[in-house]
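Just so you know, residue 1 is the first one in the sequence shown, and it goes up from there. None of the values given here were measured: they were computed from a predicted structure.
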Amino acid sequence: MSGPRINFDREGDVAFVRFNNPEAHNALTTDMWLGLRDAALRIAADSSIRAAVFRGVGGKAFVSGTDISGFTTFTSGADGIAYEHRIDECMAAVDAIPVTTFAVVDGWAVGGGLNIASACDFRLATPGARFGSPIGRTLGNCLSALSMARIGGAVSVGIAKRMVLLGEIITAQEMLDKGFLLKIVEPAAMDAEIAALTTRAAENAPLTTRASKETIRLMALGTLPDIEAIVEEVYGSADFRRGVENFLAKTKAVPNWTGS
């Protein structure tokens with residue numbers, strides 16, 4: 001596929017950011033993560049933008065996580081620390097967007113997709129959408145403190161534990177019942193629903209929106225522990241290398257983790 005894999009468009013005072021890697025269920029390459037960061041910074045710098053919508057292309061996934069092939073170049077835990085720093089940098093730009101943000105989830109929102117959806121102010125999903133972060137059953141890696149705080153704050157600690165410690169994939173209906181989703185919308189009605197919500201959000205006083213969002217961000221994410229030693233241990237482990245190999249080989253069985 002030619003062309004950019006992070007598409008940025010404007011419709012009046014609303015920005016649309018689309019993840020465009022459908023053949024890989026919109027898994028994010030390094031360039032796509034950086035493209036997400038740049039799109040977020042672009043929105044933040046343009047005072048004429050009053051709302052932003054994040055959405056996947058193809059109808060099967062919002063974002064299915066990071067492109068795992070990039071992990072094959074890792075040789076030590078330091079590579080994992082550098083990776084998580086890069087993700088934190090990109091996600092922090094999404095956190096800092098001063099206008100109301102919406103995630104539209106059609107299909108899978110797992111791993112990085114769950115992280116991005118959690119950073120948005122509101123989330124809408126189609127009935128078949130699914131959410132999770134089953135890293136303990138697939139790759140054997142871990143999340144940064146910032147990512148864990150963002151996801152746990154959005155989905156609740158209990159749901160986050162089910163996703164990470166049990167590897168559960170959660171349905172759209174349960175995520176609606178738990179308050180993570182604003183609405184479940186049939187695919188044919190989604191565009192109209194988004195148009196109505198972004199119009200309403202754009203009518204809000206921009207300084208009120210900016211101040212409210214920044215206050216909430218600082219309350220939720222302002223002070224976090226330093227867990228670099230934990231991240232280094234996990235990404236430097238033989239288990240992580242085994243998880244990446246099994247994932248890329250499309251092995252369906254859970255790897256034989258050794259804890260080292």
Side-chain angles (χ1 to χ4, degrees), residues 19 21-30 32-33 56 60-84 86-88 91 105 107-118 125 128-152 154-175 178 180 227-260:
F19 306 104
N21 190 13
E23 66 270 26
H25 290 87
N26 296 326
L28 300 186
T29 64
T30 297
M32 290 177 73
W33 275 112
K60 294 183 178 180
F62 175 67
V63 168
S64 63
T66 293
D67 180 0
I68 304 306
S69 64
F71 289 142
T72 60
T73 62
F74 284 22
T75 60
S76 70
D79 292 317
I81 291 175
Y83 166 76
E84 291 296 340
R86 184 167 62 247
I87 299 304
D88 281 351
M91 289 303 307
V105 179
W108 295 95
V110 295
L114 179 68
N115 206 354
I116 296 165
S118 296
R130 296 292 183 268
F131 303 82
S133 187
I135 54 177
R137 298 179 66 81
T138 53
L139 298 180
N141 63 327
C142 64
L143 301 175
S144 72
L146 183 58
S147 290
M148 189 65 79
R150 181 185 299 107
I151 293 169
V155 307
S156 81
V157 172
I159 294 293
K161 285 183 176 181
R162 286 171 58 191
M163 289 177 168
V164 177
L165 303 184
L166 297 178
E168 288 190 38
I169 301 298
I170 312 294
T171 66
Q173 185 59 56
E174 184 169 0
M175 295 300 266
K178 299 296 185 181
F180 180 72
I227 65 165
E228 283 201 353
I230 297 171
V231 173
E232 184 171 15
E233 178 184 20
V234 173
Y235 277 96
S237 68
D239 273 354
F240 172 65
R241 291 191 292 275
R242 185 178 301 110
V244 171
E245 291 171 359
N246 280 21
F247 188 95
L248 293 175
K250 302 185 184 303
T251 303
K252 294 185 178 181
V254 177
N256 182 27
W257 308 118
T258 66
S260 61

Candidate pair Phe240 and Ile135, rule side chain to side chain contact (heavy atoms under 4.5 Å, CB included), full reasoning: CA-CA 10 Å; Phe240 172 65; Ile135 54 177; over 6 Å; no
Side chain to side chain contact (heavy atoms under 4.5 Å, CB included) evaluation trace for Trp33 with Met91: CA-CA 9 Å; Trp33 275 112; Met91 289 303 307; 3.7 Å; yes
Stepwise side chain to side chain contact (heavy atoms under 4.5 Å, CB included) test for Trp108 and Ile169: CA-CA 10 Å; Trp108 295 95; Ile169 301 298; 3.6 Å; yes
Chi angles and distances behind the side chain to side chain contact (heavy atoms under 4.5 Å, CB included) call for Leu166, Lys161: CA-CA 7 Å; Leu166 297 178; Lys161 285 183 176 181; over 6 Å; no
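With rounding to the nearest 0.5 Å, the separation of CD in Glu232 from OG in Ser76 is 7.0 Å. The OG atom of Ser144 lies 12.5 Å from the CZ atom of Arg86; values are rounded to the nearest 0.5 Å. With values rounded to the nearest 0.5 angstrom, Met32 atom CE is found 5.0 Å from Asn21 atom CG. Taking CG of Asn115 as the reference point, atom OG1 of Thr66 lies at 9.0 Å (rounded to 0.5 Å). The CZ atom of Arg241 sits 13.0 Å away from atom OG1 of Thr72, with the distance rounded to the nearest 0.5 Å. Rounded to the nearest 0.5 Å, atoms OG1 (Thr30) and CG (Asp67) are 8.0 Å apart.
Listed here is the closest heavy atom pair of Asp239 and Thr258: OD1-N, 2.9 Å. Minimum heavy-atom separation, Met163 to Leu114: SD-CD2, 3.4 Å. When all heavy atoms are compared, the tightest approach of Val155 to Met175 is CG1-CE, 3.9 Å. Closest approach of Thr138 and Trp257 over heavy atoms only: O-CH2, 3.5 Å. Between Ala160 and Gly152, the shortest heavy-atom contact is CB-CA, 4.2 Å. For the residue pair Val244 and Leu139, the shortest heavy atom distance occurs at CA-CD2, 4.1 Å.
Ser64 has its side chain within reach of Val110: a pair of non-hydrogen atoms, C-beta onward, lies under 4.5 Å apart. For the pair Glu168/Glu174, no side-chain contact is recorded, criterion being any heavy-atom separation below 4.5 Å from C-beta on. Side-chain contact between Tyr83 and Val231 is absent, with no heavy atoms from C-beta onward closer than 4.5 Å. Between Ile170 and Arg130, the closest side-chain pair of non-hydrogen atoms is not below 4.5 Å. Val63 has its side chain within reach of Leu28: a pair of non-hydrogen atoms, C-beta onward, lies under 4.5 Å apart.
The distance between the ring centers of Phe180 and Phe131 falls below 6.0 angstrom.
Residue-environment remark: CD (Glu233) stays at or below the threshold of 12 foreign heavy atoms within 6.0 Å. Crowding of Arg137 atom CZ: a count of heavy atoms from other residues, nucleotides or ligands under 6.0 Å not exceeding 12.
Aromatic ring orientation, Phe74 versus Tyr235: tilted (interplanar angle from 30° to 60°).
The backbone N or O of Ala61 lies less than 3.5 Å from a partner atom in the side chain of Asn26, making a donor-acceptor pair.
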